[in-house]
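One structure is given below, encoded as structure tokens.
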Protein chains: 4
Amino acid sequence: MSDGPAPSMFTVPDPPVSVRGRRTRENLIEAARTVFEKVGFLDARLIDITTEAGCSAGTFYTYFETKEQIFAAVMDRAREEMLHPGVPHVTERDDPRAVIEASTRAYLEAYRGNARLMAVLEQVANIAPEFRRLRNDRAKAFIARNARGIAELQERGLADRTVDPELASSILSGMISRLAFSYFVADVQLGEFPRTDLDTLAETAARLWANALLIGEKS
Amino acid sequence: MSDGPAPSMFTVPDPPVSVRGRRTRENLIEAARTVFEKVGFLDARLIDITTEAGCSAGTFYTYFETKEQIFAAVMDRAREEMLHPGVPHVTERDDPRAVIEASTRAYLEAYRGNARLMAVLEQVANIAPEFRRLRNDRAKAFIARNARGIAELQERGLADRTVDPELASSILSGMISRLAFSYFVADVQLGEFPRTDLDTLAETAARLWANALLIGEKS
Amino acid sequence: MSDGPAPSMFTVPDPPVSVRGRRTRENLIEAARTVFEKVGFLDARLIDITTEAGCSAGTFYTYFETKEQIFAAVMDRAREEMLHPGVPHVTERDDPRAVIEASTRAYLEAYRGNARLMAVLEQVANIAPEFRRLRNDRAKAFIARNARGIAELQERGLADRTVDPELASSILSGMISRLAFSYFVADVQLGEFPRTDLDTLAETAARLWANALLIGEKS
Amino acid sequence: MSDGPAPSMFTVPDPPVSVRGRRTRENLIEAARTVFEKVGFLDARLIDITTEAGCSAGTFYTYFETKEQIFAAVMDRAREEMLHPGVPHVTERDDPRAVIEASTRAYLEAYRGNARLMAVLEQVANIAPEFRRLRNDRAKAFIARNARGIAELQERGLADRTVDPELASSILSGMISRLAFSYFVADVQLGEFPRTDLDTLAETAARLWANALLIGEKS
DNA sequence: AATGAATGAGGGTTCATTCAT
DNA sequence: GATGAATGAACCCTCATTCAT
């Protein structure tokens, strides 16, 4: 249920000096992502990761101190892939409903592309406080951006002015991220969702969002 | 992120015959709930539970086979406390918006009352597949009930007929459960939410829900 | 590899007084035999035995002190069934070879009828010293009887006088008991013996025995 | 009651790479043998073995997965020491009775040299099916070799042609292995055999064997 | 930098045995 | 006599972490 890009929270020991060192570190991070996505955080043993990376157990500690730390590195690495627009500022002068739908779709697509990693983040966030923070920070960034969008629409008289934009954003942003989680993680894990296609999903969610804020009909 | 009552999923071995046995089993379940709420599922050791229950380590196995099983018993026990109304059928002839607000408030209050346990369920659901199912079943029950409510409003011409009631319900129900989770679990764990009071929360969420479905203003 | 009847080696606590008590004790012994034959001595849990006997765990200790003790009782009970003739004294004036064959067959048949119990005895004898003694005492009794038979044949000039009857008996008696063990226990457990029929087996073994002692041809 | 060499049955995980690793593995095997011979298989705790080997408990699992597996390694290691001739083929042109006596003596001597280990094997074979197989395979190899010897003697007209060489061999080979077991294991454990010396033992057993097959007198 | 063997704390689990009812 | 719940010692096994090479 992470909601967007956020700056790294953890610092790893010494930034590797040699080429070989940099290479090994890369391997470890890729291996960790592979292993985490396959078996989750808890069941991943460090030795699985080092084996996958083609190095020995001890080498792990040259670059990382804990499993948590390498997970942070994995999440960090995944940041760019997970960039998504949120609800863009309306200064982009498009029709608000079109903008909302586009950004909802973009969010869902980004989530889908990283669903397995999101599942792991969710697992970890419910285990380790430091990742709870990571998850929540991402959520907050997403909420803040959307809150700005809502506020601007309100200022332009295009959205319901009676709701607090922060609060409305946190509720509606949660709606979207929860949808993504249900759709791409929770239910997929059980193989049992009414498999609505992503287009319908994005369209419906965007409509509900726009209606909720009493945003006027698409012209 | 559980959303409602659901039937028990696990059977525990031989229900104790004697009074003493029943007593001990009760103690264990209460102790387990206490321990789980304090340290979570993963960090709970069986010996913590038996110590809390005032019995020896071996006694655990007289009543349960695994930590998962006693957790299931705890959840089972907590079922009644967590009953909540969902969006009641509109046959209850109240103003729809009032009904939605009341049931939203009821949901949030029920969730708040079991927040720590919900946090644990969320942790467990992301670890053990059998509890993923438990969580999802509860969510589904909640969604199904709300879907019926939405369909009835649509039939009476009081709600937007262009959305699929099932899909709309899964999105909006997710919005509510996610809100409850964020508000009472995720953020509380970090101590950092803009502490909106529950009334405002329920009111805003209900308004967004009603608007999303284009339900007419409170007369 | 037990070889014959032997007196009980263990004394059980108080000989049960009441009828009900006697009955329970019987049940326990029968149950123990059933369980031992099914899963062996090591894997038999006292609770398996009491369950099979239809009584509670605690009741066991009314009649026995240890698993070893009830096993001794089982063996004791099985004594009569396992009576077998050995090589009868030649005062029985039959043809020596016929006598040897008859008694070999009798031994093998008796062994076959108690094969599962013999397997357990063998297991136990290699675990618990007190049963090693039980097994060996039975073997000795068998050897002693056969030694007397050999000595008598020697005295009558019908068998090789150059061998020590005690030593010859221990070797040849071992041959028979080993054959029974291989045939009815060891290989059966693996399901892979060249399944010679018991007649051929007895006949061949008896011929080898008689030849070994240079006993004259059947007249 | 094992009867001869047999190929290894178990493979242990990753043969250690470093010298140090090989050394530790050796230590563990030697330690295991020591401990097994002292207290048997069942009473041997892994920690006894690692302590004896001078390493920590966890190290065991670097080289072996179970107590059964290290026992297999011990037996494997002991294979060469236990090579014994069986009844050599008569192509060796010696007097058959001399050959039989020599090989009987060789068998008994080999058995005596590994008596404690044989006792353990016998214990284990009556507990764990995989070792039952090990024991029986060894027995079969011994029987097969002796059967060939008997068949050759029959072909040369030097032995009773009326018995099936396979069956006769299984009976007589059993006689020898049973003798070895009784003499060096079962009775020694109780300290109560009429301590016949090995020469007499071998001589008598060989004579009985040869007589049983009606092999002509030593010229 | 990399190796991989060694460590050992820590938890789960079993089941013979006891004992209050 | 019978019950069956409670006990707790005993042992196995995992795996993150260290460190000599």
Side-chain angles (χ1 to χ4, degrees), chain A residues 14 16-25 43-51 53-68, chain B residues 14 16-25 42-48 50 53-67, chain C residues 14 16-25 43-51 53-68, chain D residues 14 16-25 28 43-48 50 53-67:
Chain A
D14 13 323
V17 189
S18 75
V19 181
R20 185 193 184 190
R22 194 153 26 239
R23 181 78 194 158
T24 304
R25 190 170 187 280
D43 290 345
R45 294 172 305 168
L46 294 189
I47 205 169
D48 295 332
I49 294 173
T50 53
T51 301
C55 67
S56 74
T59 298
F60 181 89
Y61 291 90
T62 305
Y63 303 101
F64 306 99
E65 281 165 8
T66 62
K67 192 159 69 161
E68 280 75 16
Chain B
D14 41 323
V17 186
S18 71
V19 181
R20 188 190 182 197
R22 201 161 13 247
R23 178 86 191 154
T24 304
R25 190 170 187 281
L42 279 174
D43 290 344
R45 293 169 307 164
L46 296 188
I47 206 169
D48 294 333
T50 52
C55 66
S56 77
T59 296
F60 180 88
Y61 294 93
T62 305
Y63 302 101
F64 306 98
E65 281 166 6
T66 60
K67 197 162 64 164
Chain C
D14 13 324
V17 188
S18 74
V19 181
R20 184 192 184 194
R22 195 155 21 242
R23 181 78 193 155
T24 304
R25 190 171 188 280
D43 290 344
R45 294 171 305 166
L46 295 190
I47 203 169
D48 295 331
I49 294 173
T50 52
T51 300
C55 67
S56 76
T59 298
F60 180 89
Y61 291 90
T62 305
Y63 303 101
F64 305 98
E65 282 165 6
T66 61
K67 192 159 68 162
E68 279 75 17
Chain D
D14 41 324
V17 186
S18 71
V19 182
R20 187 190 181 196
R22 200 157 19 244
R23 178 81 191 160
T24 304
R25 190 169 187 281
L28 280 167
D43 290 345
R45 291 170 307 165
L46 295 189
I47 207 170
D48 295 332
T50 52
C55 65
S56 76
T59 296
F60 180 88
Y61 293 92
T62 304
Y63 302 101
F64 306 98
E65 282 167 6
T66 60
K67 196 160 68 161

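Here the structure is a predicted model, which is why all the values come from computation and not from measurement. By convention in this document, chain letters (A, B, ...) are assigned in the order of the sequence lines, proteins followed by strands, and residues within each chain are numbered from 1.
- Considering only side-chain atoms of A:Ala57, the nucleotide from E:dT18, E:dG4, E:dT14 that sits closest is E:dG4.
- Following rounding to the nearest Å, D:Leu46 (CG) and F:dA10 (P) show an atom-to-atom distance of 17 Å.
- In summary, the side chains of A:Ser56 and A:Thr59 do present a donor paired with an acceptor at a separation below 3.5 Å, with no hydrogens or angles considered.
- The interatomic distance linking C:Lys67 (NZ) with E:dT17 (P) rounds to 10 Å, in whole Å.
- Listed pair C:Thr24 / F:dA2 meets the phosphate criterion, a side-chain N or O lying under 4.0 Å from OP1 or OP2.
- A close approach under 4.0 Å does occur between a side-chain nitrogen or oxygen of A:Tyr63 and OP1 or OP2 of E:dA2.
- Using a 4.0 Å heavy-atom cutoff across all strands shown, B:Ser18 reaches sugar-phosphate atoms only and no base atom.
- Distance check: D:Thr24 OG1 to D:Tyr63 OH gives 4.5 Å after rounding to the nearest 0.5 Å.
- Straight-line distance from the CD1 atom of D:Ile47 to the P atom of E:dA9: 10 Å, rounded to whole Å.
- Across the protein-nucleic acid pair, B:Arg25 atom CZ and F:dG4 atom P stand 17 Å apart, rounded to whole Å.
- With a 4.5 Å cut-off on side-chain heavy atoms, D:Tyr61 and D:Thr50 do not count as touching.
- Comparing D:Cys55 and C:Thr59 along DNA chain E, the residue whose closest nucleotide (by nearest heavy atom) sits nearer the 5' end is D:Cys55.
- Residues D:Phe60 and B:Gly21 both approach DNA chain F. Their nearest nucleotides, taken by heavy-atom distance, put B:Gly21 toward the 5′ side.
- Atom CG in B:Asp48 sits about 13 Å away from atom P in E:dG10, given to the nearest Å.
- Regarding C:Asp43, its CG atom lies at a distance of 13 Å from the C1' atom of E:dC15, rounded to whole Å.
- Between the CZ atom of A:Arg23 and the P atom of E:dA1 there is a distance of 16 Å, rounded to whole Å.
- Of all heavy-atom pairs between C:Phe60 and C:Glu65, the closest is CE2-C, 4.3 Å.
- Here the side chain of C:Arg45 is nearest to one of E:dT18, E:dC15, E:dT7, namely E:dC15.
- At F:dG4, none of the side-chain N or O atoms of C:Ser56 fall inside 4.0 Å of OP1 or OP2 (strictly under the cut-off).
- At whole-Å resolution of the value, CZ in B:Phe64 and P in F:dA6 are 12 Å apart.
- Between B:Arg20 and D:Arg20, the one whose closest nucleotide on DNA chain F sits nearer the 5' end is B:Arg20.
- For C:Gly58 and B:Ala44, each mapped to the nucleotide of DNA chain E holding its nearest heavy atom, the one lying further toward the 5' end belongs to B:Ala44.
- Annotated stems with DNA chain E as a participant read E:2-21 with F:2-21, given as range with range, by first number; only runs of 3 or more Watson-Crick or G-U pairs under 3.5 Å qualify.
- A donor-acceptor pair under 3.5 Å is absent between the side-chain atoms of D:Lys67 and the main chain of D:Leu46, judged by distance alone.
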